[in-house]
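These notes concern the structure reproduced below.
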Amino acid sequence: GRRLSAIRDSPAACATLGLDIRRTKLVVFCSSSAIAGLAGGLFGGVNASVGTIDFESVNNVVLFLFAFVGGVTTITGALIGGILFALLPLVQSESPQLAGVVFAAVAVAAVLLGKQPNGMAGLLFERVGRWRRAAQVTATEREDEPLPATAPEPQHV
């Protein structure tokens with residue numbers, strides 16, 4: 001992961017430091033191909049048969065849409081997108097009249113999140129960060145306040 005992010009940031013710097021960029025990209029391509037092949041084999045095993053109709057491009061657009069809405073740059077975003085994608089058939093089966101509304105809401109969310117590359121996960125992280133900063137500010141303000149004056153305790157003789 002660190003090599004890939006370094007190559008993305010500056011391929012020239014990686015080559016200067018002695019990192020073999022071509023080999024790294026080849027290893028990533030081979031491992032992603034192996035994962036895709038394994039997934040295809042498992043998919044065929046679960047369905048007992050595989051055909052071209054199982055891999056329509058429209059299904060990929062829907063999956064990409066949910067991944068984008070969840071957030072494609074973080075693991076949390078992928079989890080949110082996966083949960084939304086898994087809930088769509090549930091909503092369609094429970095109330096078929098809302099199926100189009102749910103999909104339209106996800107499409108509108110994708111358009112509204114166009115300037116947020118981290119999707120819903122990015123918005124969630126921003127809100128949590130604001131709450132933490134606000135909590136830290138109030139905690140430091142409480143520490144800076146002088147203690148209230150209290151009456152001296154009576155001394156026992």
Side-chain angles (χ1 to χ4, degrees), residues 1-140:
R2 289 182 182 172
R3 284 184 179 189
L4 290 177
S5 63
I7 290 172
R8 180 193 65 206
D9 291 342
S10 178
C14 291
T16 303
L17 292 174
L19 181 66
D20 189 4
I21 296 173
R22 196 175 303 154
R23 182 176 180 190
T24 303
K25 288 182 179 182
L26 183 65
V27 167
V28 169
F29 177 76
C30 290
S31 56
S32 66
S33 299
I35 291 170
L38 178 66
L42 291 174
F43 183 77
V46 168
N47 289 340
S49 68
V50 178
T52 57
I53 214 160
D54 293 326
F55 300 101
E56 291 184 22
S57 60
V58 174
N59 295 335
N60 295 333
V61 170
V62 172
L63 184 61
F64 179 72
L65 178 67
F66 278 98
F68 181 77
V69 168
V72 293
T73 59
T74 61
I75 295 173
T76 307
L79 180 67
I80 291 171
I83 289 171
L84 289 174
F85 186 70
L87 288 178
L88 183 66
L90 179 67
V91 170
Q92 287 177 341
S93 66
E94 292 294 323
S95 53
Q97 67 274 10
L98 293 179
V101 174
V102 171
F103 190 73
V106 171
V108 168
V111 170
L112 293 176
L113 291 171
K115 292 187 178 181
Q116 175 60 276
N118 297 332
M120 291 175 67
L123 292 176
L124 179 69
F125 290 146
E126 283 180 8
R127 297 276 160 85
V128 169
R130 286 182 195 159
W131 289 338
R132 284 185 181 171
R133 284 190 296 273
Q136 288 175 351
V137 167
T138 56
T140 56

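Residues: numbered from 1 along the sequence shown.
- With sequence neighbours excluded, the residues forming a side chain to side chain contact (heavy atoms under 4.5 Å, CB included) with Leu19 are Arg3, Ile7, Cys14, Thr24, listed by chain and number.
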Contacts under 3.5 angstrom, residues 25-44 side chains, donor-acceptor by atom type, not counting sequence neighbours:
| from | atom 1 | to | atom 2 | distance (Å) |
| --- | --- | --- | --- | --- |
| Ser31 | OG | Val27 | O | 3.0 |
| Ser31 | OG | Val28 | O | 3.0 |
| Ser32 | OG | Val28 | O | 3.2 |
| Ser32 | OG | Phe29 | O | 2.9 |
| Ser33 | OG | Phe29 | O | 2.9 |

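- Tested against Val69 for a side chain to side chain contact (heavy atoms under 4.5 Å, CB included), the candidates Ile80, Val108, Leu84 yield a single pass: Leu84.
- With sequence neighbours excluded, the residues satisfying side chain to side chain contact (heavy atoms under 4.5 Å, CB included) with Arg130 are Glu126, Arg127, Arg133.
- For Leu87, the side chain to side chain contact (heavy atoms under 4.5 Å, CB included) partners at least two apart in sequence or on another chain are Ile83, Leu90.
- Remark: Val62 engages Phe66, Phe85, Phe103 in a side chain to side chain contact (heavy atoms under 4.5 Å, CB included) (not counting sequence neighbours).
- When all heavy atoms of Thr74 and Ala121 are compared, the closest pair comes out as OG1-CB, 3.5 Å.
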